[in-house]
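The block underneath contains the structure these notes are about, expressed in structure tokens.
The first residue in the sequence is number 1, and the count goes up from there. Keep in mind it's a predicted model, so treat the numbers as computed, not measured.
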Amino acid sequence: MRPERLVAVLGTGTEAGKTWVGAAVLGELRSRGVSVAARKPVQSFAPGDGPTDAEVLAAATGEAVADVCRPHRSYQAAMAPPMAADALGRAPFTVADLVEDLGWPEGVTVGWVETVGGPRSPIAADGDSARLAAALGPDVTVLVADAGLGVINAVRLSVSATVAPPVVVLNRYDGSDLHARNRRWLERDRFDVVVEPADLAARLTP
């Protein structure tokens, strides 16, 4: 079972805002009557921190948290997931394992798959987030980046690791002179740039 439109979501780094953007876009899609589902193939976090990424995404889609991220793929250690698994004495896992774990309900129009960290962040024992995104064969790739200083370098480096040109989301965009100049420079580079969740939702609506 595969959604009508499968979206792979990467970030330029750990704090780029993938989950916040995901919740906002998925909520916007639901308000338009679009059937959505989210998947966080694996997550790691510090004990006591909350809500987790899976909890935020589940609240946005109306799904059970265990459907968004399988309980055996949730690791309570604030480090890359394969490192967290090793630190906690749990079995290693591969990119293929993460893909196999994904399950989608029938009739999903937009399926949102959120990776971890940046494109080259380890997500499994044998691969990074970019490799997982490629393995999914997504219809759309989304790259979330902070709109401030350093975004042009971060986007260029991240895009070089992706299989297909992504839609670039400038998170925390405030219309300031710096943010506007960063946006124009990226558009000059011929990147497809959006700054509002509603704009991305429109691109994902069949």
Give me each pair satisfying side-chain hydrogen bond (donor to acceptor under 3.5 Å, both in side chains) with a member in residues 16-26, each pair once, sequence neighbours excluded.
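As it turns out, the side-chain hydrogen bond (donor to acceptor under 3.5 Å, both in side chains) pairs with a partner in residues 16-26, which skip direct neighbours, are Thr19-Asp53, Thr19-Glu114.
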
Among residues two or more places apart or on two chains, list those pairs meeting salt bridge (Lys or Arg N to Asp or Glu O under 4.0 Å) that have a residue in residues 1-17.
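Those involving residues 1-17 are Arg2-Asp139.
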
Sequence neighbours excluded, which residues qualify as side-chain contact (heavy atoms from CB on, under 4.5 Å) partners of [X]?
X	result
Leu178	Leu149, Ser176, Asn182
Arg203	Val167, Asp192, Val194, Asp199
Ala80	Pro82, Met83, Pro122
Val163	Ala134

For [X], what residues pass the salt bridge (charged side-chain N to carboxylate O under 4.0 Å, His left out) criterion, not counting sequence neighbours?
X	value
Arg172	Asp146
Asp49	none
Glu55	none
Arg30	none

Side-chain polar contacts of residues 71-79 - donor-acceptor pairs under 3.5 angstrom, sequence neighbours left out - could you list them?
unit_1	atom_1	unit_2	atom_2	d
His72	NE2	Asp101	OD2	3.2
Arg73	NE	Asp101	OD2	2.8
Arg73	NH2	Asp101	OD2	3.4
Ser74	OG	Gln43	NE2	3.1
Tyr75	OH	His72	O	3.3

Partners meeting ring pair (Phe, Tyr, Trp, His ring centres under 6.0 Å) with Phe191 (sequence neighbours left out):
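Applying ring pair (Phe, Tyr, Trp, His ring centres under 6.0 Å) to Phe191 gives none.
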
